[in-house]
Every structure is written in structure tokens, then in C-alpha cells.
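This one's a predicted model, so the numbers in the text were calculated from it and none came from an experiment.
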Amino acid sequence: MPLASALVRPFTAPATLALLLAAYVLAFAQRQLPAALGPIFVADLGISDAALGALHGPSFAIAYGLLALFGGWLVDRGSRVRILAASLGIASAATAAGAWATGVEDLAAARLVVGLGQAALVPAAYSLIGDLVPQRRSGRTIAIFACGPFLGSGLMLLGGGATAASLGWAATFLVVGGIGLFVAALLGGVPDPPHQPSAPHGGSAAADHLRSHWQAILIVLATMLCTASAGQILLGWTVSWLMRDHGWGSAAASSLFGLAVLIGGTSGTLAAGAASDLLLKKFGMPRLVVLAGAALCGGLAAMLVFTIPNGLHAGALLFPTLFLLAAAHATGPAALQDITPAALRGRQHGAAVLVINLFGFALGPWLVGLASDFDGRAQALGDMLAVAVPVLLATSGVVAFLGAWVHARTGAAIAQTTAPGRPSSTA
């Protein structure tokens, strides 16, 4: 792609980071389609809450999670930008193909391919970020990248429903898929920055790293799993909850929640990145301190959202809830980056994607929908959300608080063994 190369070569780091963010925004716009268009799917296809939850969760997340570890293995050995471009291209083509779906089975098949396509996107992106910026700025840089889920989901909630209302839901699939294919084409021409390749015995190095630092790795995976599960449940069901429990119209509920995701999610993500960098640089404190505070406060805010009787007050409280959830969500990957040697970043982030998707994204939204169908009451969905989201965030906060000292010790140990002078070193 000569044009893409000409555009990015003079500004390799910022231009590459901008394209990484665009890819992540589009990835989450693709993931959020079932939630954003849920009421339309229910009306057109007559699907149940459990089926809608399955479209949002298992049909995407199982394939995505299972292939992520293999995607991370590829990332540690090949051209990361080419892998990332192919990943986004496949997912975008599958998203566009969903426009021709005639039933829930067709949509589920398209979602499965979207999950397969996106599997290498996150490991490739975090591996690239590690070589584009030093650790002292990684919190802010990862926070900018981590705005992708909230930008993509928020824009889909704001624009997806309007597009579907005027042009039909099939046109929404085509628009999102087409934009994704364009960004994938641009990414295909970006030069891959130099990176530390895997050692000849890369599997042994990964096993040694896991044996030495398994406690720190499990702690951050547990916090990421709980926080991401809470976020996916919110993204999957808040619009439907506002409509059922508070009588909001589809457009009003999507617009309000979309604004909360955009404003609260983006600002919380950026604030957490700056705060975690400051704590690490000035006081030597691990990033999990930020995650613990944000998750615990977010759990309290979520409890108020789903128990307060006034719909306007509940809607207003969504903004600080999304701010706090986003702060916790953005800090986990940065904490994982701090305890991961450069040559293992693809596999370690791939393993994180595997765990989070198989046990969080795949089960969370689906279990809430299944429980709502089983209960049968109109207010059942709100009751499920009032328990699930606060408990998950509180659990994440407690684990992060208790594990902060383990991360401080592990980060120092890896800093001593990382080669000096590399862009990805802890210097």
C-alpha cells in the first residue's frame, strides 16, 4: 500500500498508534452490533433474551478467545501490522456479510467469523505499543488505546440505531464492515517497528516466566476478567433495562447510554492512564492501586444505578459508573504489560484474551439473559444487573488491592532482567 506507507512513514509512532485506535474502535463497533440493534432484532426476528445474549456473548467470544492464544503466538513471530490488518479485514468482511442474514443462526455464524478474525488484534496492538513507547508513558498510551471499546460502543449506540431506523439494520452491518475494510487496508501499508523476536526456545521462556511470576499474572487476569465481564453485561443489557424498567423509548435509551459510554468511558480511561503513570513514576506504586480504587467505587455506583427508582437519576448515574468502570478496565492491560517481557507480549496478552472471553464475555451477557428468561418477571433483568455488575466490580477491586504488593515486587524483578536501551524496556 504505497499511499498508506507514505502517510505513516514520516510519523511512524503517532500515525501507527492512531490507526491502532481506529482498528480497536471499529472492532468494538462490530462487537456491539447485537446490543445496539437488540430491540430491532427482537422485533424482526422474534428472538428471546437468551438468544440475544448469546449473539452478544458466546457466538463471538468463544471463537475469539480460543484463537487468541494462537494469534498471540503468531504476533511474537511475525509482522504484527500485517497480522493486525488481516485480523481486522476478516472481521470486517464477516460483519458486512451479516447484512444478508435471515435468522439468528445466520447472525450467529457471522459473529463466529468476526470473533475468529479479531483474535489477533489485541495481542498485536499491545505488542506494537510496547515497542513504540517507553514504560514511563505506557499507562497514558495504553489508556488512549483503551478508549477504543468506549468510543466504538458509544458511537454504535448513538449512530447504529439511527442508521438502522432509517436504512435498516442490514445497512448498519454494511457500513461498519466497509469502514473496517478501509482501515485494514491502511494498516496493511504501515511499516512494522523493530521488535524483540522470540528466542529459539520461546516456549521454554514462556514456561519459565509463568513459573516465576504466576501469582502476579493470575492476579491481573482475575481483575481483568471481573472488570471486563461487568462491562460487557452493562454494554449488552443497559439499553434494554432502561426501556423495560423505566419506560424509555429505544432511541432515548440508546442515546443516553451511548453518551455515558462515550463521555464517562473515555474520560475514565484517560484519567486512569495518567494516574497510574504518575503513581508508578513518582511513588513507585503499582498500577493495581488505581484499578482497586476505581473498581470498588464503580461497584457502589453500579448498585445505585440499578436500585434507584427514578429513571432520570439512574440515567445520570450511568456517567460516573462508566467513568469508574473504564478507569479499572484501562488499568489492567497496562499492569499486565509491566510484568511481561517484550518477547512474550503477544502470547501473554493472547492468554488474557482467552481467559477473559471464555469465562467473561461468553458467559456474562448470556447468563444474565438466560436468568431473565427463566425468572419471567418484567423487572427480572434489573434485579440481575443490580447483583451481577456490583459484585463483579467489587471482586475486581478487592483482588487488585490485595495483589498490589505482588505486582510491585514482580515489576521490579522484570525490570532488572530486561535488556537496557530497548524501546520496550522498563527504563
Identify the heavy atoms of [X] and [Y] that sit nearest to each other, and give their distance.
X	Y	answer
T307	A386	CG2-CB, 4.2 Å
A110	G98	CB-CA, 4.1 Å
L174	A96	CD2-O, 3.7 Å
S255	L158	O-CD2, 3.4 Å
S153	P149	OG-O, 2.7 Å
A23	L121	O-CD1, 4.2 Å

Report the distance from atom [atom1] of [X] to atom [atom2] of [Y], rounding to the nearest 0.5 Å.
X	Y	atom1	atom2	result
L21	L26	CG	CG	9.5 Å
L112	L107	CG	CG	12.5 Å
L325	C297	CG	SG	12.5 Å
R80	I129	CZ	CD1	10.5 Å
F60	Q118	CZ	CD	4.0 Å
I83	L187	CD1	CG	12.5 Å

Counting C-beta onward and ignoring hydrogens, is there a side-chain heavy-atom pair between [X] and [Y] closer than 4.5 Å?
X	Y	value
L235	V261	yes
L17	I144	no
W237	S240	yes
V176	M156	yes

Residues which pass ring-ring contact (aromatic ring centres under 6.0 Å, His included) with [X], listed by chain and number, not counting sequence neighbours:
X	answer
F306	W241
F70	W73
F257	none

* To do: Please assess S229 against L225 for the test side chain to side chain contact (heavy atoms under 4.5 Å, CB included), listing each intermediate value before the final yes or no.
  => CA-CA 6 Å; S229 298; L225 172 61; 3.9 Å; yes
Partner of [X] by side-chain contact (heavy atoms from CB on, under 4.5 Å), out of [options]:
X	options	result
L128	V190, L19, V81	V81
P123	V75, L84, L74	V75
V305	T321, L385, V389, T238	T321

Hey, is the main chain of [Y] close enough, under 3.5 Å, to the side chain of [X] for a donor-acceptor pair?
X	Y	value
R244	L381	no
T266	I263	no
R31	G115	no

* Verify side chain to side chain contact (heavy atoms under 4.5 Å, CB included) between R287 and D277, making sure each step is shown before the conclusion. => CA-CA 8 Å; R287 301 182 196 276; D277 275 353; 2.8 Å; yes
* To do: Just jot down the side chain to side chain donor-acceptor pair (under 3.5 Å) partners of S92, sequence neighbours excluded, or say none.
  =>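 Applying side chain to side chain donor-acceptor pair (under 3.5 Å) to S92 gives Q30.
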* Asked: Who passes salt bridge (charged side-chain N to carboxylate O under 4.0 Å, His left out) against D383, sequence neighbours left out?
  -> R377
* Asked: Could you go step by step and tell me if I233 and M384 meet the side chain to side chain contact (heavy atoms under 4.5 Å, CB included) rule?
  -> CA-CA 10 Å; I233 290 171; M384 304 302 168; over 6 Å; no
Run the side-chain donor-acceptor check on residues 391-402: report pairs under 3.5 Å with partners two or more places apart or on a different chain.
{"from": "T395", "atom 1": "OG1", "to": "V391", "atom 2": "O", "distance (Å)": "2.8"}
{"from": "S396", "atom 1": "OG", "to": "T223", "atom 2": "O", "distance (Å)": "3.1"}
{"from": "S396", "atom 1": "OG", "to": "T227", "atom 2": "OG1", "distance (Å)": "2.7"}

* Please assess V239 against W248 for the test side chain to side chain contact (heavy atoms under 4.5 Å, CB included), listing each intermediate value before the final yes or no. => CA-CA 9 Å; V239 171; W248 291 47; over 6 Å; no
* Could you walk me through whether F319 and F323 pass the ring-ring contact (aromatic ring centres under 6.0 Å, His included) check? -> CA-CA 6 Å; F319 287 82; F323 176 94; over 10 Å; no
